[in-house]
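One structure is given here, and the rest of the page talks about it.
One is the number of the first residue; the rest follow in order along the sequence.
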Amino acid sequence: MNATARLANQPAAYQGNPYTYFAYIPRLPPTAYALLLYMLTQQQPGGLVRATHDELATGLALDRGVISRAMPYLVAARLVYVVGRGKLQIHPMLAVYPTAQDRHAALSSLAREDRLDVGHFEDEYEKRLARHQEEKARKKAEQRKAPARGHLRSV
């Protein structure tokens with residue numbers, strides 16, 4: 001039975017409830033959970049959050065660096081998408097909508113692979129997080145090899 005059919009077979013209280021999909025959130029560090037919950041309170045209808053890392057840090061009474069370290073976990077879990085500077089998008093399955101019809105339209109337009117309740121979400125999250133960490137380590141290694149900018153080199 002696919003995810004849509006499973007959801008359709010649930011009692012009416014579960015249908016249209018964004019908290020239903022919290023069951024598909026993988027294990028995250030505590031700061032990432034706190035950040036996600038805070039972003040859920042700051043979202044506009046449809047899940048857009050207009051806030052910089054500094055603003056999120058201020059709202060949570062944390063350092064900006066803590067937010068920067070927590071955000072990759074939310075992105076790897078596909079719970080949050082970075083749209084641009086100061087623009088973050090909460091996954092449509094967790095976002096709030098003005099009407100039930102808007103929510104239904106947003107969820108209906110999701111591709112199967114973009115749904116949180118399809119596949120082995122925990123395994124896929126861990127793979128995406130590992131790829132992110134490998135890419136970060138690769139970039140750090142490249143920076144070490146590159147000559148420092150603005151420094152004079154011997155001729």
Side-chain angles (χ1 to χ4, degrees), residues 1-57 59-60 62-97 100 102-145:
M1 179 181 304
N2 69 24
T4 307
R6 279 196 317 266
L7 189 57
N9 291 332
Q10 291 179 341
Y14 289 104
Q15 295 178 16
N17 182 349
Y19 303 117
T20 302
Y21 299 106
F22 273 67
Y24 300 99
I25 294 177
R27 290 181 300 266
L28 299 169
T31 308
Y33 280 118
L35 179 57
L36 176 62
L37 293 174
Y38 180 73
M39 289 176 61
L40 289 171
T41 68
Q42 300 301 305
Q43 69 178 303
Q44 298 172 359
L48 184 65
V49 177
R50 292 183 181 272
T52 63
H53 283 206
D54 287 329
E55 292 166 338
L56 293 170
L60 285 166
L62 297 170
D63 290 331
R64 183 194 183 287
V66 174
I67 301 300
S68 296
R69 286 189 296 276
M71 190 62 73
Y73 291 95
L74 298 178
V75 172
R78 298 178 314 150
L79 302 173
V80 174
Y81 302 99
V82 178
V83 179
R85 178 164 166 68
K87 286 182 171 180
L88 304 161
Q89 179 67 45
I90 295 173
H91 192 284
M93 294 177 83
L94 299 177
V96 294
Y97 297 90
D102 292 336
R103 179 172 182 68
H104 180 71
L107 296 182
S108 297
S109 67
L110 274 177
R112 177 174 166 73
E113 61 272 5
D114 292 334
R115 293 186 60 89
L116 296 175
D117 57 353
V118 173
H120 301 285
F121 66 95
E122 189 83 35
D123 294 337
E124 293 167 9
Y125 157 72
E126 289 174 6
K127 288 176 188 174
R128 283 189 299 273
L129 187 59
R131 279 194 304 265
H132 168 75
Q133 290 169 338
E134 288 168 3
E135 180 67 15
K136 187 176 173 181
R138 184 188 63 75
K139 286 180 180 179
K140 190 174 186 178
E142 285 177 6
Q143 286 177 346
R144 282 190 210 138
K145 291 179 186 176

Run the side chain to side chain contact (heavy atoms under 4.5 Å, CB included) test on Tyr38 and Leu56 for me, step by step, so that the C-alpha distance in whole Å, both residues' side-chain angles and the decisive distance to 0.1 Å come before the verdict.
CA-CA 8 Å; Tyr38 180 73; Leu56 293 170; 3.8 Å; yes

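- Distance check: Thr31 OG1 to Met71 CE gives 12.0 Å after rounding to the nearest 0.5 Å.
- In this structure, Arg78 contributes its side chain and Arg115 its backbone to a donor-acceptor pair below 3.5 Å.
- Closest approach of Leu60 and Ala34 over heavy atoms only: CD2-O, 4.0 Å.
- In this structure, the separation between CG on Leu94 and OH on Tyr24 is 12.0 Å, given to the nearest 0.5 Å.
- With a 6.0 Å radius and a threshold of 12 heavy atoms from other residues, nucleotides or ligands, His132 has its NE2 atom above the threshold.
- Atom CD in Glu124 sits 10.5 Å away from atom CD in Glu113 (nearest 0.5 Å).
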Pair Ile25-Leu36, side chain to side chain contact (heavy atoms under 4.5 Å, CB included): steps then yes or no:
CA-CA 11 Å; Ile25 294 177; Leu36 176 62; 3.9 Å; yes

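- Gln89 CD to Gln44 CD: the interatomic distance, rounded to the nearest 0.5 Å, is 9.5 Å.
- Closest approach of Tyr21 and Leu107 over heavy atoms only: OH-CD1, 4.1 Å.
- Atoms CD1 and CG, on Ile67 and Leu35 in that order, are 5.0 Å from each other to the nearest 0.5 Å.
- Nearest heavy atom pair, residue Pro92 against residue Leu110, reads CG-CD2, 4.0 Å.
- Residue Ala95 comes nearest to Ile90 through the heavy atom pair N-CG2, 4.1 Å, listed as atom of the first residue, atom of the second, then distance.
- Side chains of Leu88 and Val82 form a contact here, defined as non-hydrogen atoms less than 4.5 Å apart.
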I'd like a table of donor-acceptor pairs (distance under 3.5 Å, sequence neighbours excluded) in which one partner is a side-chain atom from residues 48-55, with atom names and distances.
| unit_1 | atom_1 | unit_2 | atom_2 | d |
| --- | --- | --- | --- | --- |
| Thr52 | OG1 | Asp54 | N | 3.4 |
| Thr52 | OG1 | Glu55 | N | 3.2 |
| His53 | ND1 | Ser68 | OG | 3.0 |
| Asp54 | OD1 | Arg64 | NE | 3.4 |
| Glu55 | OE1 | Thr52 | N | 2.8 |

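- Note: Gln43 CD to Tyr97 OH = 8.5 Å, rounded to the nearest 0.5 Å.
- Side-chain atoms of Arg103 come within 3.5 Å of backbone N or O of Met93 as a donor-acceptor pair.
- Residues His91 and Asp114 come closest through the heavy atom pair NE2-O, 2.7 Å.
- For the pair Ala32 and Tyr73, the tightest heavy-atom approach, listed with the atom from each and the gap, is CB-CB, 4.1 Å.
- In this view, Glu135 and Arg138 satisfy the side chain to side chain donor-acceptor pair (under 3.5 Å) rule, not counting sequence neighbours.
- The stretch residues 22-47 participates, sequence neighbours left out, in these salt bridge (charged side-chain N to carboxylate O under 4.0 Å, His left out) pairs: Arg27-Glu122, Arg27-Glu126.
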